[in-house]
Amino acid sequence: MLPTVADVLQLEAVRRGQPRVVAGADRLGNRVRWVHVAEVADIAHLLHGGELVLTTGIALPDEPDRLRVYIHELAEVGVSGLMVELGRRYAAALPAALLAAAEEHGLPVVVLAHEPAFVDITESVHARILQDQFAELRASEQLHEIFTQLSVEGASTEEVVRQVVALCGHSVVLENLAHQVLAMDSGPSDPAELLSAWETRSRAVRPRNRTAFDEASGWLVTTVGARGEDWGRLIITLGRPPTPRETVLIERAATTLALGRLLDRHAESVERQAHRTIIARILAHSYSDPQEAAARARALGVPLSGRRLLGVVLRPRTPAGPSAPIVTGELYELAETAAAACKDARLAALVSVLDEGGPHARVGVLASLPARADAETALNDTATRIRKHSGTDYVMAAGSVVESIRDVRRSFLEAEQVADVAARSSSSAARLFYRLPDLRLRGLLHLMRDDARLQTFVERELGPVLSYDAQKGSDLTRILELYLECGRNKAVAAQRAHLSRPAFYERLRRIERVLNADLDDVESCVSLHVALLALSSVRWERS
């Protein structure tokens, strides 16, 4: 960090000259990038800003107007301050015109009562600058080493957040695009106080750059994401402007979090590869003898002979359309989550990614049930565990229970058909898994609640009115929801809102102004209604 003018005044080489601030005392926090000795008035065009100018004033003009121009040019180029030695040109005080101009332009001016050695001042200040820059470089190198090690070790999100707290001593929060807290460490603060009204407070913070300090909240914020896909924000609650080291810290941590997510998505275990080989060959009827498939599966700890078999499909959603490619990394992550859930539920199963890289890519689960096991109970248990730990928005569908390996293909085909219908249809309530082709809109949006694209849609459609409510303490979002739930019947909606019709109509007009939307337009209302349903889904608390 560069020293300030106030820091320079504390240096021994400067103190020997008995410095006294005679103008711009409120700007002593200006950073000093370099020291420049200049005895000519026409010097501004040779400067780049951030310099502390030293002069005896011997070549400065006598005319007040030219002195004002001199100060104006120095301030315009952005010098940090002017230091003048008394005794050669000015005996005891500087000209009033120079001081008035310095006050007007906010330029700190310091006089030195005793003759100093300018070379001692420049050496002292430059040594301080280089020392600080070296310390900053060393700190940056240490942060690089720490977070590189975390990346190599595959540290979890919680471990990365804890490390940031340990390095900065302030509370740290990782949130998603819907302003929901994904991970946090309150450090020395009270966790309940930190998270109080979090969504409202977070929505009010809208930095213009990927990394920025918000003065109103005292938060240092950076966007988390990679390859053009932003999925969250990392926040340090500083309460004051950040140091350069803290800015480097939050950006390095965000990079580690983004890299960790990419690596997790693109890592397929050897176990998954083995399972994929068996399932793919069963579905393709490649085994000449079903017992060969049973033997291979048994070697992996999954018995297939004499068991009830069930095909299950998990497919990430693709809002771009059924022909859009699915990100392979998401499938790998979902497959590992499903495999872990089967193990925790003590459900013997082969789990793998099938047809990766194409529009029909999905996670396949071949569940092996004991003769007396209840399929619904096993599915509920496993699906609950998958839902709890998965970071991917997906559809889970199950086919019919079959009794032999030869019929597994039929069970999988049925599961895929159900998944296709579930991905395109609607359901009155979200389900852990599907067997019926009647999923309705609210359930569909609920399953998509972790998808960054859905969160972006909600923000685009409702962001202005949500921010308005947060700032004004109003209830326009609730009024809009009532209006749409009542089928745009204003009279019924006003009655449910316990408002007079004129008051209700005025709020609708205010909503139109805030959203720049026409509430009489059917398409606009449909889009807003979907966004409200989605908002309800992304706000849903996981049990």
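Residue numbers run from 1 in the order of the sequence given. The structure presented is a predicted model; accordingly, all values stated were derived computationally and were not measured.
What you find for Leu234 and Ile250 is that their closest heavy atoms are O-CD1, 3.4 Å. Counting all heavy atoms, side chain and backbone alike, Glu251 lies closest to Thr211 at OE2-OG1, 3.0 Å.
Here Ile58 pairs with Glu39, Thr56 under the side-chain contact (heavy atoms from CB on, under 4.5 Å) rule; sequence neighbours left out. The side-chain contact (heavy atoms from CB on, under 4.5 Å) test applied to Pro19 returns Leu9, Val14, Val110, Leu112, not counting sequence neighbours. With sequence neighbours excluded, no residue forms a ring pair (Phe, Tyr, Trp, His ring centres under 6.0 Å) with His179. Annotation: ring pair (Phe, Tyr, Trp, His ring centres under 6.0 Å) contacts of His72 (sequence neighbours excluded): His105. Every residue meeting the side-chain contact (heavy atoms from CB on, under 4.5 Å) condition with Leu177, not counting sequence neighbours, appears here in chain and number order: Ala452, Gln455, Thr456. Applying the side-chain contact (heavy atoms from CB on, under 4.5 Å) test to Arg513 and every residue at least two apart in sequence or in another chain returns Glu506, Arg509, Arg510.
Using a 4.5 Å heavy-atom cutoff, the side chains of Leu480 and Leu515 are in contact. At least one side-chain heavy atom of Arg245 sits under 4.5 Å from a side-chain heavy atom of Leu167. Between Arg488 and Leu519, every side-chain heavy-atom pair lies at or beyond the 4.5 Å cut-off. A 4.5 Å side-chain heavy-atom check between Arg240 and His170 finds at least one atom pair inside the cut-off. Two residues are said to be in side-chain contact when any heavy atoms from C-beta on lie closer than 4.5 Å; Leu60 and Val84 fail this criterion. In this structure the side chain of Leu94 reaches within 4.5 angstrom of the side chain of Leu86, judged on heavy atoms.
Partner Thr55 forms a side-chain contact (heavy atoms from CB on, under 4.5 Å) with one of Leu82, Val37, Val40 and no other, that one being Leu82.
Panel note: side chain Ser524, backbone Asp520; no donor-acceptor pair is recorded below 3.5 Å. Under the 3.5 Å distance criterion, the side-chain polar atoms of Asp185 are matched with a main-chain donor or acceptor of Gly187. Judged by distance alone, the side chain of Arg33 and the main-chain N or O of Gly50 form no donor-acceptor pair under 3.5 Å. Under the 3.5 Å distance criterion, the side-chain polar atoms of Arg66 are left unmatched by any main-chain donor or acceptor of Pro61.
Between Glu12 and Ser124, the side chains place no donor N or O within less than 3.5 Å of an acceptor N or O (distance only, hydrogens not considered).
Arg478 has no carboxylate O lying under 4.0 Å from a charged side-chain N of Asp469, or vice versa, which leaves the two without a salt bridge. Glu158 has no carboxylate O lying under 4.0 Å from a charged side-chain N of Arg162, or vice versa, which leaves the two without a salt bridge.
A parallel orientation is assigned to the rings of Trp219 and Trp198, their planes being inclined by less than 30° (bins at 30° and 60°).
When the shell of 6.0 Å around CG of Asp26 is examined, it contains more than 12 heavy atoms from other residues, nucleotides or ligands. Crowding of Glu145 atom CD: a count of heavy atoms from other residues, nucleotides or ligands under 6.0 Å exceeding 12. Environment of CZ in Arg20: sparse, with no more than 12 heavy atoms of neighbouring residues, nucleotides or ligands closer than 6.0 Å.
The CG atom of Leu194 lies 6.5 Å from the OG atom of Ser189; values are rounded to the nearest 0.5 Å.
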